[in-house]
Structure formats: C-alpha cells, structure tokens
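Residue numbers start from 1 in every chain, and the chains themselves are labelled A, B, ... in the order their sequence lines are given, proteins ahead of strands. These numbers come from the heavy atoms of this one structure, side chains and all, not from hydrogens, waters or symmetry mates.
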2 protein chains.
Amino acid sequence: MVQDILKKNQLSVTESRLKILDLFLTAQGALAHADIEKKTGESFDRVTIYRTLQTFVEKGIIHHIPTTDNSVLYALCKEECEAGHHHDNHVHFVCDQCSKTICLEEVTVPQVKLPKGFNPRQAEMVVHGVCDDCK
Amino acid sequence: MVQDILKKNQLSVTESRLKILDLFLTAQGALAHADIEKKTGESFDRVTIYRTLQTFVEKGIIHHIPTTDNSVLYALCKEECEAGHHHDNHVHFVCDQCSKTICLEEVTVPQVKLPKGFNPRQAEMVVHGVCDDCK
DNA sequence: AGTAAATTTGCAATGCTGTTGCAAAGAAGG
DNA sequence: CCTTCTTTGCAACAGCATTGCAAATTTACT
C-alpha cells in the first residue's frame, strides 16, 4: 500500500506524497516534473512537486534517470536501492514514437575498452528506438 | 583555414563565427556555451553565441554531445557529418576530475540485446571516470 | 570602390525550469 | 484535543535559452 511505503521511509503521509507516489507505482516508464504536474491536475504547487521528488530521491524511493536530451526524469527504485545509495546500472530506452522512457532492468550496460590512460568508473547507456507498445 | 570552412558552408564570414569556430578547432574536448562566453572574453553577446552554435549545428560543422548531467555540449564534427545528418556513434567520456568531456572517436557504442519487442535505432553511451591527463 | 540588398548582431523583453525564505496550513504524537 | 514538528503555497529570485526588432555588418553587384 502507498501509505506503508511512506511510513517505512519515515515520511509524513500527505496528500501530495500519496498522489505522486501512486503515479510512480502505476506509471509504466519514467516521469518528468511536467508529467506529474499534468497528471495531478494542477492540484499541487510546482514547488511542492519539486520538493516531493527531491525527498523521494533522498529516501531512495525513486531515482534520477540519465537522459541525453536534457530532460530530468525519475523512476521507481528496485528493492536494492537504499537511501543515498542508488543502483542503476541498467540500460534506458527512449521510444521515438511515444517518447516514453523505460528502464530495461534486465539489460546491463556493457563494458567497453577505452584508450590507454582512460579509467572508467561508471557508464550510462541510452538506447533510442521503437518500444514494444508502438511497434 | 577557418574562413574556408565558413565559406564552404555558405555562411557569412563574421568576427564571432571566426572566433567561435577557431575555439572548436583548437579545443581538446567539448565546449559548452559558457566556455565559449568565457574564452571569447565576453566580446560577443550571449545571444550571438547561441545563434552561432545553432547555425553551426544546422550546417553540420559541430554536433550536440550527449551528456547525462543536463549540460549542453558541442564538439566539432568529423568529415562524415553533413548538414542535417550527424554521425556520432562513438562513446563520450567525462572526466570526474577536470570535468572535460572528450569524444572517443575510436570507441564505438556496443550493441546490446534488448528484450523482445524493443527495436533499437540509435544508442548513446557516456562513460565517467578519470581521463589521461588527470590520472 | 560604392551602393543596395540580405544577413547578422545586440539589446530588451519574455519564457521555462528550478530554488529559496517565510508565514500559514497540516500531520504526528502524546 | 492540543502542542510540536513538518510540509505546503506563495512570492521572489536565479540561470539558461529564445524571440522581435532596429542598428550594424557582410555580401553581391555595378
């Protein structure tokens, strides 16, 4: 239940948090601030949404998704994520048709051989194409 | 010569374009708008720089670099790039130390096996770590 | 070289995205 | 039910990027 997730993370149960968390639970794919603003029917202040997202990230409920088009997206974390320590080494897929962004949990970012001198620490991969629904 | 590149692309030869193009030719690594603003010593208006970058991208002289931190970076295109059609399937490297972004022309983005239904069209990869200079 | 036409530049204004301070409203805990 | 602590909404602000328009510059032509 949505309430329990908030309580488990020591967060006050408020209308905005319930609603926004619910959106993430039912959404397939990642959400941007603007998506949430739209889907909540503008019942919450922009600032509240920003702060809620920030809080959720800090608690490890959602995480920040790498994009290459300079948008800011969030998605639910898997169980392995904890407050302050996110695991997110999977490939992300962006559909050119419906422009949804989806976490491909089962596809891990491949290793690449870098030129001499370059020391990799973390790699991110974003694949663009057509998703399952749009094909 | 810098002038010739402009003329080849049917662009008027102006001071700002010469200077900015020159910056790209001599820079190692990608440039952001702010870098250019700094390196030109604020002799051009911010707007002019924006418009120049836009024009260069349209002509295929520079291209937009994928980043995962929501910054906007540009780098020179290789010969294969043409107006409106960029080739940019190499890996990009971001140094955590000096925070330079470098095109690893010789490292191509590896293919990944996607779940059923997903149809890849283009993939981008950004590797973070420590670069040759900073190691 | 000189001039008209077309392009580019700089300024001002505007929009979008995200942040901060603060008082009022709401949740938690007894 | 009441006190305390947290969260919300508003207003203001900051940074980055875009647009309209008049002035300046470049190009092309004579």
Just so I know, are the side chains of A:Met125 and A:Val107 near enough to count as touching, which here means a heavy-atom distance under 4.5 Å?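 When only atoms from C-beta onward are counted, A:Val107 and A:Met125 do not touch, as no gap falls below 4.5 Å.
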Would you say B:Tyr74 and B:His63 make side-chain contact, with heavy atoms under 4.5 Å?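 Answer no - side chains too far apart.
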Which pairs count as ring-ring contact (aromatic ring centres under 6.0 Å, His included) when at least one residue sits in residues 19-55 of chain A, sequence neighbours excluded?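 For residues 19-55 of chain A, and leaving out neighbouring residues, the ring-ring contact (aromatic ring centres under 6.0 Å, His included) pairs sorted by first residue read A:His33-A:Tyr50.
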Does the side chain of A:Thr52 get closer than 4.0 angstrom to OP1 or OP2 of D:dT7 through an N or O atom?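 So the side-chain polar atoms of A:Thr52 never come under 4.0 Å of the phosphate oxygens OP1 or OP2 of D:dT7.
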Going 5' to 3' on DNA chain C, which nucleotide is the first and which the last to come under 4.0 Å of a heavy atom in chain B?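 First-to-last contact on DNA chain C, by the 4.0 Å heavy-atom rule, is C:dT7 to C:dA12.
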Could you work out, with ring-ring contact (aromatic ring centres under 6.0 Å, His included) as the rule, every residue matching A:Phe118, not counting sequence neighbours?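 ring-ring contact (aromatic ring centres under 6.0 Å, His included) list for A:Phe118, sorted by chain: B:Phe93.
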Five-pair end axes of the helix from C:dA1-D:dT30 to C:dG30-D:dC1, angle between them (10°):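 Here the local axes at opposite ends form an angle of 30°.
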Atom CD of residue position A:Gln10 - does it have more than 12 heavy atoms of other residues, nucleotides or ligands inside 6.0 Å?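 Open: at most 12 neighbouring heavy atoms sit under 6.0 Å from CD of A:Gln10.
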Rounded to whole angstrom units, what separation is found between the [atom1] atom of [X] and the [atom2] atom of [N]?
X       : N     : atom1 : atom2 : answer
A:Leu18 : D:dT7 : CG    : C1'   : 13 Å
A:Lys19 : D:dT8 : NZ    : P     : 15 Å
A:Ile20 : D:dT8 : CD1   : P     : 8 Å

What pairs of nitrogen or oxygen atoms, one from the protein and one from nucleotides 23-30 of chain D, lie under 3.5 Å apart?
unit_1 : atom_1 : unit_2  : atom_2 : d
D:dT27 : OP1    : B:Val13 : N      : 2.6

Identify each atom pair where a protein N or O and an N or O of nucleotides 14-19 of chain D are less than 3.5 Å apart, giving names and distance.
unit_1 : atom_1 : unit_2  : atom_2 : d
D:dA17 : OP2    : B:Tyr50 : OH     : 2.5
D:dA17 : O5'    : B:Tyr50 : OH     : 3.3
D:dA17 : N7     : B:Arg46 : NH2    : 3.0

